[in-house]
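Let me begin by presenting the structure, written as structure tokens, before commenting on it.
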Amino acid sequence: MARVFSGIQPTGDKHLGNYLGAIRHWVATQDADDALYCVVDLHAMTLPYDPAELADRTRRTAALLLAAGLDPQRCTLFVQSHVPAHTELTWILNCVATFGELRRMTQFKEKSAGQESVSVGLFDYPVLMAADILAYDAERVPVGDDQRQHLELARDLAVRFNHRFGPTLVVPEPAIPPVAARIMDLATPTAKMSTSAESPQGTIGLLDPPELVTKRLRSAVTDSATDVRFDPDTKPGISNLLQILAATTDRPLPDVEAEYAGVGYGTLKQTVADAVVAFLAPLQRRYRELADDPAHLDAALGAGAEKAEAITTKVLARVRQAVGLLPRA
Ligand code: TRP
């Protein structure tokens, strides 16, 4: 069993794109792998945020992951700030990472562009992410394409560390899911569905009520032709709807495409809306149960942190020794 690690930020409300692009793969691999999943609350502090909301968002994100099917008996789900090794290893890796390589990170350039003041935390975001991964000897890291450069940095830091201090850290491999899983914005189907979209029109939140889901799908932007066909280049809207239908009904895309080849756009939209509503119903029910019992949720996260810490204690002992720190008597 490969040790797998991935993280998700407790920001925004998670949408169908998050689920189909990442969360469902996490759920699907929790048995095959020794999987650790982390709500990365420390990463959420790198941009201006509201402290009154952070804890609640962290809980809600964890509840959503459980509602989506992560099972604490089969994987380790925990909150980043509950395990101090993440920040400790970040410092040690800060002394291995260079200013030049962090300055080149495209996400840093994008997020800092035009800002009046940029925190050191934002600059150091990729080192914290490297620490997340390396503190667990993770072999595989499932992430979206936008995190490829950060993962490359984590690999570089592990290799450099091992070169400088002797073999200590496991060098992780990326596990980028197939691009076919990309769910597009309903209003602008050439752009990825995203929490930071200009308008929420094109997004389906995992906790959106059925009426809203139906409304959004019925007003999805399509094209002026009438044929239902999978062709993302010339028919991005229709292709996205077919993709969503296939994913939420767990059927192969070609089957879905063949079945709906003759129908009108209106019928297709209503079919997709019904499928998405039916798909979200059990997730939303489980979410409400979890949200109603925060003590139970907190206990599950506490147990997850303990399992996580059992691993980092060993890795950090190795790291401390390698870099030459005096052992505490
Ligand atoms: N930066 C990742 C994202 O925005 C989240 C993340 C933090 C992560 N630490 C990680 C992903 C470690 C994988 C492994 O999606």
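In this chain, numbering begins with 1 at the start of the sequence shown.
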Side-chain (Gln80) to main-chain (Leu42) donor-acceptor, under 3.5 angstrom: yes
Ring centre gap for Phe108 and His150 strictly below 6.0 Å: no
Side-chain cluster (under 4.5 Å, hydrophobic types only) that Met1 belongs to, other residues: none
Arg57 bridged to Asp41 by N-O distance under 4.0 Å: no
Within 6.0 angstrom of Glu306 CD, more than 12 heavy atoms from elsewhere: no
Gln321 CD: over 12 foreign heavy atoms closer than 6.0 Å: no
Qualifying residues under side-chain hydrogen bond (donor to acceptor under 3.5 Å, both in side chains), relative to Ser199, sequence neighbours excluded: none
Counterpart residues, salt bridge (Lys or Arg N to Asp or Glu O under 4.0 Å), relative to Asp223 (two or more places apart): Lys235
Neighbour count above 12 (heavy atom, 6.0 Å) for Asp250 CG: no
Under 3.5 Å: donor-acceptor pair, side chain of Asp185, backbone of Ala191: no
Connected via hydrophobic side-chain network under 4.5 Å: Phe165 and Val171: no
Ionic contact status for Asp137 with Arg318, cut-off 4.0 Å: yes
Same apolar cluster: Val221 and Leu245, side chain cutoff 4.5 Å: no
Short N-O contact, Glu152 and Arg155, less than 4.0 angstrom: yes
